[in-house]
S.K.: 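Structure in structure tokens, see below.
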Amino acid sequence: MATNSSSEDLTLPGGWRGKAPMLLAVGLICVLLSAGMCYFVGGEENRSVGFSAFLHSYLANFIFCLSICLGGLFFVMIQHVARAAWSATIRRVAELLAYMIPWWLLLFLPILAMVWWTDSPALYPWNAGSGNVSAIVEKKLDYLNPFWFTIRVFVYFAVWVLCARYFFGMSRKQDETGDASITLKCQKWAGPGIIFTALATNFGAFDIMMSTDPEWFSTIYGVYLFAASMLSFFAMMIVSCYALQRAGRLQRQVNTEHFHDLAKFQFGFIVFWAYIAFSQFLLYWYGNIPEETQWYQDRMNHGWQYVGLVLIAGHFAIPFLGTMARKVRRSRPLMAFWGVFILVMHWVDMMFVLLPTDEIHFSGLLLIGHLVGWIGMVSVFLGLLIYRTGDTPLVAQRDPWIPDALAYQVGP
Amino acid sequence: MSEHQPKQKKIRPPRSFGWMAEYEDENQLLDAARKVRDAGYSRIDAFTPFPVHGIDEALNIRRTRLPWFSLVAGMTGTTVALLLQWWTNAFDYPYIISGKPYASWPAFIPVTFELTVLFAAFMTVFAMLGLNGLPKFNNPVFTDPKFDRATDDRFFLWVDSRDQYFNAEKVRELLEATGAKAVEEVWEDDSPTEVPKSIYAGIAVLILITLIPGAIVLNMRNSRSPYPRWHIFFDMDFQPSRKAQQPTTIFADGRVQRPPVPGTVARGELGPNDPFLLGYDPEGVAMGKGAAVNVQMVSYQQENSASQEPIEEPPAPPPPQPDTSAADDPQASATADASSEQAGEAPSKPAGDQAPTTAEDEGDAGAGPAAEGEPNYAWLERFPLPVDAELIEVGRREFEQNCAACHGLAGYGDGLVSRRATELAQGYWLQPTSLHEQRIIDQPVGRIYYTITHGKGKMAPYADALTPRERWAVVAYVRVLQRSQNARPEDVPADADLASARGDDTTNR
């Protein structure tokens, strides 16, 4: 059962690598185009919300990509801590996704610069500073101020980058040495890694996402991001493996059982996302306290309510029923379709979570601008992923779990 | 008892139930299972200490139907939960809970979720037991003492003798060829099939024990005792709750019944002294005030309509008109001024609305004896409820059903009854009051409401025929008639769209 990988090509297809510069160029053009479109979204007569709309749109698309990478990071560490054998053949793809996080810090720098050098409340209302914010936010300024915000963002990214770098680096080292003790080391550090990454993700969600509405708070917000991250990661994983197999890679390494397991995870996280999303909604809806319902008030008016209904159907009901059957989960093309579907819904979810404010109302132009921005961000994401992968083999060939993963089988 | 019955024990040779092979690891088992499967046997099974990946395929086990049971039960749970909550809360016994709609779907979801999971889980467990033929008291494989190691470190493959192609010798050879550590025939359990008597005895004792508490309770209920009774739940037997009219120590005033919070009105609980029911403000008389807008009214209006306009009289006579009438009638003018000063509110309103609250006795020439004297109340000058097109439509309907027979469809006092009586030339017939007489136009709305409620002269009281809201609706319609029958060309706005202006102008302004 040992790998005789010398004859197999386990690197990215050459045709893909050539597309990276084009993807990056298209991505940057689309993001600029999106900025232009969002700028004309308009608003009240004396105040354009265009700039604010673009920043929210940028952040939503940014989080869309970052969350997939965070999901990958969690997945890698969970596989190590659980000593999972089945996933050894697909773990490298997750490691590559996770190791893209340093790029996302780069793409967050524009927002940090805005926070640091201006007092524009366009994205983070607390950025206006003392005297220019509401009484509630005034009390939170000790925490929400440019200095501490920047420090915290760097701490979160430091945790993510360190974890991603460690597990990717160890796995690459094992490619060369074949040292089984590296796997033991990874298993040892995966536990603490999960704890720190979970904390960083939780508070990162509070700082980067939730503080766009600083009067509002939800303690489950970080878990919500975690659920969305894992779900979109599994969808991305299924789509990536399917695309790589279509291109002639990973034919032997990823079998129907792997797809089935990824699909089961995706199914589970569809329900988990719905559970978390509905819990958050129900508690605030039931509590009916003005300070807590404001966030939903913005999202249940001005056209956003239809986006919410789309989420109930598209993020939960339809994929829940659609991927319930075993036959569907074991069909690679069908699961690739559902993976793309979930990724689109994840984009709608991030739009619903991050775009609506009392000023930014739903409109066709905003939707198109946001969509163009998404296409741009996804192009950048894919371009960077190809750059990141480079010559790296797509399978950790000398991982001691590989024979088990290759022989992985559950049932007929 | 049974030992006295001569019980003939059937003697028969123990039956063979099949062959069992023992293996040391799961890979041997898997290989063996595939071989046996490929040899054509289908009634085969494996026993392992832990789940073995691929064993389903190796044993050629059919896909289970269990998920369908779970799915159907789950959907049943969803449906039952939603129907249950909708039926109880929105249909059979509509009940408002914390201000939510009767059918409040977000609030239904947790119960729906729980029932879905509960139904699906129960069905999954019971269907699993049923599909496996469980519970089963015994299985012949247990006769082999080696088989106990199936829960520890041994793997067993078993071929049932009921298999279509079963042949004891061939099966044995086949199993031995798979490299089994041991191959043995499984015999029927020859232990006695009767249930040991000790079990019956034990069950009987348990039943007797369960009867003891009931016996104690029965004894206590039918006997007397010098000791006070036990109170297991003391605070449930002695609750601080009291019946109506009893004293209590919980509240400072010592009363059990709580007075309503000042300024509030319970739903559907307008007090008998409410201006809405009376047409005047009973406190307004005592304080010498005009119709003050009562706090109760405000809350009533707020809960009725969020979008309501300031309540004004819909069909206010055109501003110039009351001025001239007031000039014609100094007395009315004087009282109108006085009352508007007293009322101290809405000074910008047309004087015609500030109708005299006193001096009603100068009219009513033929309207009967007015034995009790003209009431002198602080009449409501504004409608105590929002006036909209719907209310006026109610007013029109009720007016035409109840009032038009005498007062006429347009309110000139020329209804069918009146015309008939006049035709019969009955000298004692007095024409009903025309609602377009100036003194009626000048009456505050509360006064007209009072007349409808209590009747006047020959006119019967309509309190029994019309609800308070319907009476106010009729008042509103009377105002509409007065406004429309006495309109002037100047009343029509220059840019009026005549079709729609009618609706707007008669309802809100």
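Residue numbers begin at 1 in each chain, while the letters A, B, ... track the order of the sequences. Just the heavy atoms: all of them, side chains too, but no hydrogens, waters or symmetry mates, feed the values below.
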S.K.: Are there residues of residues 289-318 of chain A whose heavy atoms fall under 4.5 Å of chain B's heavy atoms? If so, which?
M.R.: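 Not one residue of residues 289-318 of chain A has a heavy atom under 4.5 Å from chain B.
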S.K.: CZ of B:Arg65: more than 12 outside heavy atoms within 6.0 angstrom?
M.R.: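 No.
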S.K.: Does CZ belonging to B:Phe50 count more than 12 external heavy atoms closer than 6.0 Å?
M.R.: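 Atom CZ in B:Phe50 is packed in, count exceeds 12.
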S.K.: Identify the residues of residues 101-116 of chain B whose heavy atoms come closer than 4.5 Å to a heavy atom of chain A, ordered by number, or report 'none'.
M.R.: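 Within residues 101-116 of chain B, the residues under 4.5 Å from chain A are B:Ser104, B:Pro106, B:Ala107, B:Ile109, B:Pro110, B:Phe113.
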S.K.: Residue by residue, scan residues 68-90 of chain B and write down, ordered by number, those that have a heavy-atom distance under 4.5 Å to chain A; if none do, write 'none'.
M.R.: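 The stretch touches chain A at B:Leu71.
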S.K.: Using a 4.5 Å heavy-atom cutoff, which residues in residues 266-285 of chain A come close to chain B?
M.R.: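 So the qualifying residues are A:Tyr275, A:Phe278, A:Phe281, A:Leu282, A:Trp285.
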S.K.: Rounded to the nearest 0.5 Å, what separation is found between the NE2 atom of B:His53 and the CD atom of A:Glu257?
M.R.: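 Answer for the NE2-CD pair, B:His53 versus A:Glu257, is 8.5 Å.
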